[in-house]
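The model shown is predicted, which means the values in this text are computed figures rather than measured ones. Throughout, protein chains are lettered first and strands after them, A, B, ... in sequence-line order, and every chain is numbered starting at 1.
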Amino acid sequence: MDLFEYQGKQLFAAHGLAVPSGEIAETPEQAKAAAEAIGGTVVVKAQVQVGGRGKAGGIKLAATPDEAYAEAQNILGMDIKGHTVQRVWIEAASDIRKEYYASITFDRSAKKPLVMLSAMGGMDIEAVAEEHPEALARLHVDPLTGFQAHHARWLVYHAGIDEAAQKGVLDALMKAYAAFIDLEATLIEINPLIWTTDGRVVALDAKVSIDNNALYRHPDLAALKESVTDDPQERMAHERDVTYVKLDGDIGIMGNGAGIVMSSLDVVALAGGRPANFLDAGGGSNAEAVATALEVLLSDPKVKSLMINIFGGITRCDEVAEGLLTALDTLGATLPIVVRLDGTAAVEGRAIIAARAPANVVVEPTMLSAAKRAVELAKEAS
Amino acid sequence: MDLFEYQGKQLFAAHGLAVPSGEIAETPEQAKAAAEAIGGTVVVKAQVQVGGRGKAGGIKLAATPDEAYAEAQNILGMDIKGHTVQRVWIEAASDIRKEYYASITFDRSAKKPLVMLSAMGGMDIEAVAEEHPEALARLHVDPLTGFQAHHARWLVYHAGIDEAAQKGVLDALMKAYAAFIDLEATLIEINPLIWTTDGRVVALDAKVSIDNNALYRHPDLAALKESVTDDPQERMAHERDVTYVKLDGDIGIMGNGAGIVMSSLDVVALAGGRPANFLDAGGGSNAEAVATALEVLLSDPKVKSLMINIFGGITRCDEVAEGLLTALDTLGATLPIVVRLDGTAAVEGRAIIAARAPANVVVEPTMLSAAKRAVELAKEAS
Amino acid sequence: MSILVDGNTRLVVQGVTGREGQFHTLRNRAYGTAVVAGVTPGKAGQDVDGIPVFNTVRDAVEATGANTSMIFVPPRFAPDAIYESLDAGIALTITITEGIPAHDMMRIYTHLQRGGQQLLGPNCPGAISPGKATVGIMPTDVFTPGRVGVVSRSGTLTYQISKEIGDMGIGQSTVVGIGGDPIVGSSFIDILGQFEADPDTDLVVIVGEIGGDEEEKAGAFIAANMTTPVVGYIAGFQAPPGKQMGHAGAIITGSSGTAEGKKEALEAMGVQVGITPTEVAEIVRDRLR
Amino acid sequence: MSILVDGNTRLVVQGVTGREGQFHTLRNRAYGTAVVAGVTPGKAGQDVDGIPVFNTVRDAVEATGANTSMIFVPPRFAPDAIYESLDAGIALTITITEGIPAHDMMRIYTHLQRGGQQLLGPNCPGAISPGKATVGIMPTDVFTPGRVGVVSRSGTLTYQISKEIGDMGIGQSTVVGIGGDPIVGSSFIDILGQFEADPDTDLVVIVGEIGGDEEEKAGAFIAANMTTPVVGYIAGFQAPPGKQMGHAGAIITGSSGTAEGKKEALEAMGVQVGITPTEVAEIVRDRLR
């Protein structure tokens, strides 16, 4: 789960990491009131979970509350790379002497946390890593013995942090790591981590991701969960806990396992078709799961044909077939549906469809033939 | 550092471990007021850091505040195995259904925490371990991965805890271990851990020791530190941070390192003498340390002769000699003092003593000869 | 021979009295696996269709000599169950449970590096040595005894590919699902090394997918350490960057972890990669000729 | 030969710019030890009488090839310093610092069981191979080159016993103080094993004291694994139970850890135990005849 900047900053503050004082606003009026309460020049920042806000005009300085009102009015509702701005964060402007970069990620290759620090902050860190690899200090942490002062020191010395700022950065790293552990984060990125003209080290941005699997231990964080997509199918899938990803084709795809669904997308593409989505109905797909999945697929007006690819393991193909028939009864879809059933109770499943399915449902014996058929049918329907 | 029962219970409560409600009292009046505040029957418990309080009459039930007054009056000032009772803990009496035993110790042999649990509580656990070893479940914990639910379960099942009490005991173990880690304790012993008639699991006693070396991280615990000995030399040594242990002989002993002092005691005993103490003036013994140590030794009226055994490493023997002369000047001692100087600057040290020491100071060339001489001189002085 | 599970497997099931646990336990036993014990705290003395239930894994090991554990407990209790299995000295712990937090797995993985014990999963379908034993949730009908090893990050693709090669009359020595999570106890490399040492495995199929760099590491390992031929498959060519494709681990981050990149990495190390499960089966057939 | 420290030792000193650290660093160098680097955070680029100072141990290792570290930092920074040394790949870390909390040491000790690296101390005087190198705070004058190994929990007793055997004309291969804390990185057994493997050590003196059971474990190890003769000494026959005799580890708890018990345990395993340092030296002399 990705957090918004303002949520990350509030969590940083709770862990003793310095952040500029600020308030959240959903209307220009709230933005003005926040600017008044904070006093002085403020920054109005669009809250979207996507990079490049600044270039898109989503971050503006405001010298007075009235300016804050005006900027908030501009930014709220703005579309930034497909994300609609629903909130702005109003915070005190900072006197920046230097911009650094700090992050803690879960490095799945090393299976350990990776802490990175650079004196070249405020810019795209992937570019820094490529063009100035020596400017990015990187260090893995043993998850059992933890992040220790000597790790922080090594990073601070090797990232080229200015001497007078070293102590502050070291302290910020220790606190950020404590937050990483405490929140069970998979990412904490602070870009920039600034050194102010009055000598403080402050997190000017906050990118925080929390492990979804750990949310049960963090009810306060779980409460922050919200759907951030504007896509209707993704929203519907999110609400119904279906694993769904929208793609830009016209063949709806569903299967009983992430691997077989990914493979189905590939095989459809090889057959000359364009998949409309990824949808995994789950390893234990039963009648109800099939019905829910079908509902999501059919709600997408782009979809011209469906491919349902089931390899029964725990899943029983006869249950899938029954679920499919029931769902079609209710939903009354007429577009062509290609079904491939294999594995547990496949014979029974195929028999059920042959006997009772409407004419728009066809059975194919293999994944490959099913994909080809779905592509043909989609083309016919165009 | 050993804590008193009431201090341990307050720490338990802070860690979510159930304890009976109670108050501390230093006078019978306070005891009465506490009994009134608590209400109902209370227990008046002598606060001393020594076992066998109950048998010594240090634990009494009081049905009314007036009885609490009377019992406190009896117990306060009582001598229990050399410890004068200065405080009593007044707590609500508990309805005991069953008494268990739980402890977490730092096991230096395994270099890990050892958790022990038994359904045979309220009695001497060493006797249980000897007579009913199967009744004492023992489990070591990996300090890096910690104490986990499955450890607690194994202990609960194998200690023979009553089924209806298992959940409460499991929870108590988890909390006690969390306290062990959080407090950097070297011992947490709960004997008895009771199962009450209304089904709760409650720590009825608390024996807690904290690692002295870790106190800098626990200022609240460090503030609890107090000298609990009645012995004047041990008190004096404690205040001056000298490592001193009182023994029952008449030859005062001091050296510059724990090993050589222990060895000196043994050699004095082999020579037919009886050491009056252990005193380690420290590895970096300088003039001031020697003076402080001498002051402690000379304050003991039992002491008939002194043996000062220095093997200079970091310690310089000439500095020891100077410190000795200065201290004798100030303290004006006349009892015989045998000095053995070896190692760094021993020649210079011996020369200083030969040239300027009063007649009661004699130099011996070896540890063995110094011990023999000190024994002779003590006998002559008797 | 075969790897991981066989006639010497003595299985204890953690979470045996749960609905799922019981169902698969009995299926595993029906296939021929020696299921010697189950564990559910507080239910010692009961049995599941004749399989004795113990309070703790240690008790089960002491009473039955169990050497392999299958974990079916819910995710919030699963890290404790894994540690319990390791503490009890179980040689191979197979964790079916999905949804274990990443921080728990980082610690468990580091702890495992002490050596001497193996973890399969979490979020894996288990392992089967056709005709000998199965531990996990795989549909046993799909597999036939033979001399091809299969190792996969995906459950359903394991079945799909095994069936396709089976349809050509080619059986499997052992089929292993390592799990689709970002951290799993046994990597492709661990299993490939075990297949390499197995005299009864003539060829190995490695079934990868987008995300992470385990396929790339496997390629380097194969080139450096394996004489047994290896055939590859990668799923997820159509997956867009930044979107998690079902498995927690199946996500393209930045420019790394793409199917194209993995295919190229494997081919650069001499591993022939099929672009559909059917093509993989054809390559296997041709290589074994 | 010898053990732990010798002509191949390349020493880095953590806490080199402190008063004590500087003093002993220069003494060690004066004896002939190759002191190649010092570490004090924030003082990189400075030097201590020509010894270059680095910000981190890793920097020092990369620049100088240091393989041994001596730690002189205050107790509250010492666990971090030990981990830093281990992380930098130092083979032997000698910790002089006294007063490290027990919980820190439990974790460090467990972490060390990964293997491959050795810790001496904390709260130890170091090690000397007379005529070759010394690392620590021992008074070098006391020792002479020879073929007797000494291993001790006490600093001063190490000097006392080495001097007594030296006075008889018998020198030492290596003298090792393992430290007087309840948890130290290297036990008697570790050092005894290293002496056993050293062809230039003909006899070992083990100097124990009350508290713990390391002497008892050493006795069992000697009986099972050593051909090199071992002579013992135990201090603390006069120590009363329950009182800590200076060293954090020197305390008799209950009925265990007494000098009498340790002496009997060693003798039962064939180790002759002297009851004074002088007698130990006499036994050594007689055994070497």
task: With a 4.5 Å cut-off on heavy-atom pairs, point out which of C/G155, C/P125, C/P182 contacts chain A the most.
output: C/P182
task: Find the one option among A/T243, A/V267, A/L368, A/D342 whose heavy-atom pairs under 4.5 Å with chain C are most numerous.
output: A/D342
query: Side chain, backbone, both or neither: which part of A/L247 has a non-hydrogen atom closer than 4.5 Å to chain C?
result: side chain
task: Could you look at C/T278 and say if it's the side chain, the backbone, both or neither that has a heavy atom under 4.5 Å from chain A?
output: side chain
statement: Looking only at C/L157, C/D213, C/I137, C/I275, the option with the highest number of non-hydrogen pairs under 4.5 Å against chain A is C/L157
message: Within the 4.5 Å heavy-atom criterion, are C/I183 and A/K112 side-chain neighbours or not?
response: no
query: Counting heavy atoms not belonging to C/Q113, are there more than 12 under 6.0 Å from its CD?
result: yes
message: With chain C as the partner, which of A/P275, A/G312, A/A258, A/G343 has the greatest number of non-hydrogen pairs under 4.5 Å?
response: A/A258
task: Indicate yes or no: does C/E214 engage A/K111 in a salt bridge with an N to O separation below 4.0 Å.
output: yes
task: Count the heavy-atom pairs under 4.5 Å between each of C/E216, C/Q160, C/E209, C/R153 and chain A, then report the option with the highest count.
output: C/Q160
message: With rounding to the nearest 0.5 angstrom, report the CZ to OG1 distance, C/R107 to A/T145.
response: 12.0 Å
message: Could you tell me if the side chain of A/P143 sits less than 4.5 Å from the side chain of C/Y109, heavy atoms only?
response: no
statement: If one checks every heavy atom of A/R217 against chain C at 4.5 Å, the contacting part turns out to be side chain
- request: Report yes if the side chains of C/K243 and A/E234 come closer than 4.5 Å at any heavy-atom pair, otherwise no.
  value: yes
Per-residue contact mode, A/Y244 against chain C (heavy atom under 4.5 angstrom): neither
Inter-residue atom distance A/F311.CZ - C/S162.OG, 0.5 Å rounding: 8.0 Å
- prompt: Are the side chain of C/T156 and the backbone N or O of A/I260 linked by a donor-acceptor pair below 3.5 Å?
  reply: yes
field: Non-hydrogen side-chain atoms of C/T276 and A/L270 separated by less than 4.5 Å
entry: yes
field: A/D266 side chain to C/Q238 backbone, donor-acceptor under 3.5 Å
entry: yes
- request: Kindly check if the number of other-residue, nucleotide or ligand heavy atoms within 6.0 Å of CD (C/E98) is above 12?
  value: no
- prompt: For C/M245, is it the side chain, the backbone, both or neither that has a heavy atom under 4.5 Å from a heavy atom of chain A?
  reply: both
query: Which one, C/A102, C/G236, C/S154, C/A239, leads in non-hydrogen pairs under 4.5 Å with chain A?
result: C/G236
- line: Of the listed C/A250, C/S187, C/P101, C/P139, the one with the largest count of heavy-atom pairs under 4.5 Å with chain A is C/P101
task: Would you mind checking which part of A/N212 comes under 4.5 Å of any heavy atom in chain C, side chain (CB onward), backbone (N, CA, C, O), both or neither?
output: neither
task: Could you tell me whether a side-chain N or O of C/R76 sits under 3.5 Å from a main-chain N or O of A/Y216, the two making a donor and an acceptor?
output: no
- prompt: Are C/H103 and A/F106 near enough that their ring centres are under 6.0 Å apart?
  reply: no
field: Contact check, side chains of A/T344 and C/D141, non-hydrogen atoms, under 4.5 Å
entry: no
From A/E184 atom CD to C/M106 atom CE, the distance as rounded to the nearest 0.5 Å: 9.0 Å
statement: Among C/P75, C/S152, C/G246, C/G180, the residue with the most heavy-atom pairs under 4.5 Å to chain A is C/G246
